[in-house]
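Heavy-atom basis, side chains included; hydrogens, waters and symmetry copies ignored. Worth saying up front: this structure is predicted, and the values here are computed from it rather than measured.
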Amino acid sequence: MQVLQVQLEVGPDPAEVGRARKWARSRLAGCGIGLDEPVAETLILLISELVTNAVVHTGCPAVLRMLLGPAEGGTVRVEVADRSCCPPKPRHALGDDTNGRGLELVDGLADRWGWRAEGVGKSIWCEVDRDAPGGPPAPERSGHSGLKEGSGRTDGAYGNGAYDPPRAVTNTA
């Protein structure tokens with residue numbers, strides 16, 4: 001399987017989130033994913049949430065990575081690595097709360113997501129499966145019943161090796 005990996009260093013400034021979205025759009029378009037395709041819109045939202053979490057909750061620089069698999073039946077993986085060793089803490093926003101929905105959105109939109117220790121920090125990753133052209137549409141998501149922890153999946157669609165962490169929390173939508 002041929003996989004293209006691209007990455008962007010993101011500074012510890014909330015304004016960097018917009019730059020990360022713009023960069024990701026250009027990389028997706030360059031890889032043949034139309035910006036009007038639902039998968040592109042989903043990926044941009046996931047990137048926005050993960051980069052925002054890294055910048056806001058750590059105050060440190062981060063690295064955004066995208067791994068793009070084949071167009072037919074492939075998977076796009078998004079990773080955001082930061083220098084904080086604190087695991088992600090899902091929160092449940094109430095009513096008019098303006099924060100606390102990021103990981104719930106990731107859980108609802110990604111096909112898989114999780115985190116792993118990386119160097120002195122961590123990497124939070126998510127994956128979205130691309131539909132094969134002309135194939136059956138992906139099943140619609142009918143909401144979500146909360147974050148699912150400890151499903152046992154630590155590596156996602158790209159297999160073992162670089163994505164086989166010693167400890168991780170993984171969620172499968």
Side-chain angles (χ1 to χ4, degrees), residues 1-90 102-103 105-131 153-173:
M1 164 174 59
Q2 191 167 359
V3 176
L4 172 65
Q5 177 176 325
V6 293
Q7 72 178 37
L8 172 71
E9 292 185 21
V10 179
D13 177 355
E16 290 284 89
V17 177
R19 187 172 75 89
R21 282 192 301 262
K22 182 178 180 180
W23 175 86
R25 282 187 188 100
S26 71
R27 296 311 175 271
L28 291 173
C31 291
I33 298 176
L35 297 180
D36 57 346
E37 292 181 42
V39 71
E41 295 171 5
T42 298
L43 287 164
I44 296 301
L45 180 54
L46 290 167
I47 287 164
S48 185
E49 290 301 325
L50 293 180
V51 172
T52 297
N53 283 350
V55 170
V56 169
H57 296 295
T58 71
C60 298
V63 176
L64 166 61
R65 295 183 200 107
M66 289 194 307
L67 290 83
L68 300 122
E72 277 194 44
T75 296
V76 178
R77 181 182 180 108
V78 172
E79 297 181 358
V80 176
D82 61 49
R83 294 182 190 158
S84 170
C85 61
C86 296
K89 294 179 183 173
L103 289 177
L105 281 170
V106 171
D107 186 61
L109 293 173
D111 292 303
R112 288 163 300 282
W113 76 273
W115 71 277
R116 63 187 170 90
E118 181 175 302
V120 297
K122 69 178 171 307
S123 175
I124 300 177
W125 59 267
C126 64
E127 294 178 341
V128 175
D129 297 329
R130 296 172 67 179
D131 294 330
R153 201 143 181 177
T154 58
D155 61 351
Y158 288 107
N160 292 333
Y163 304 111
D164 191 13
R167 76 170 208 261
V169 175
T170 303
N171 299 283
T172 305

Are any non-hydrogen side-chain atoms of [X] and [Y] less than 4.5 angstrom apart?
X: Met66; Y: Leu28; answer: yes
X: Arg77; Y: Val3; answer: no
X: Arg112; Y: Asp129; answer: yes
X: Arg83; Y: Pro61; answer: yes
X: Ile44; Y: Arg25; answer: yes
X: Ile124; Y: Asn53; answer: no
X: Thr75; Y: Asp111; answer: no
X: Glu79; Y: Gln5; answer: no

(request) Under the salt bridge (Lys or Arg N to Asp or Glu O under 4.0 Å) rule, collect the residues that match up with Arg19, sequence neighbours excluded. (result) Glu16

Looking only at heavy atoms, what is the nearest atom pair of [X] and [Y], with distance?
X: Lys122; Y: Pro88; answer: CD-CD, 4.1 Å
X: Ser123; Y: Glu118; answer: CB-OE1, 3.3 Å
X: Ser48; Y: Arg21; answer: OG-NH1, 2.9 Å
X: Ala110; Y: Val128; answer: CA-CG2, 4.4 Å
X: Trp115; Y: Trp125; answer: N-NE1, 3.7 Å
X: Asp36; Y: Glu41; answer: O-OE2, 3.8 Å

(request) Verify the neighbour count for atom CZ of Arg65: are there more than 12 heavy atoms of other residues, nucleotides or ligands below 6.0 Å? (result)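 Yes, the 6.0 Å shell around CZ holds more than 12 heavy atoms from other groups.
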
(message) So if I apply the side chain to side chain contact (heavy atoms under 4.5 Å, CB included) rule between Val55 and each of Val10, Leu50, Val80, Asp82, which one comes out positive?
(response) Val10

(request) With Cys126 as reference, evaluate Val76, Leu103, Leu46 under the side chain to side chain contact (heavy atoms under 4.5 Å, CB included) test and give the passing residue. (result) Leu46

(request) Nearest 0.5 Å please: distance from the CZ atom of Arg27 over to the CG atom of Leu64. (result)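 So the gap between those two atoms works out to 10.0 Å.
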
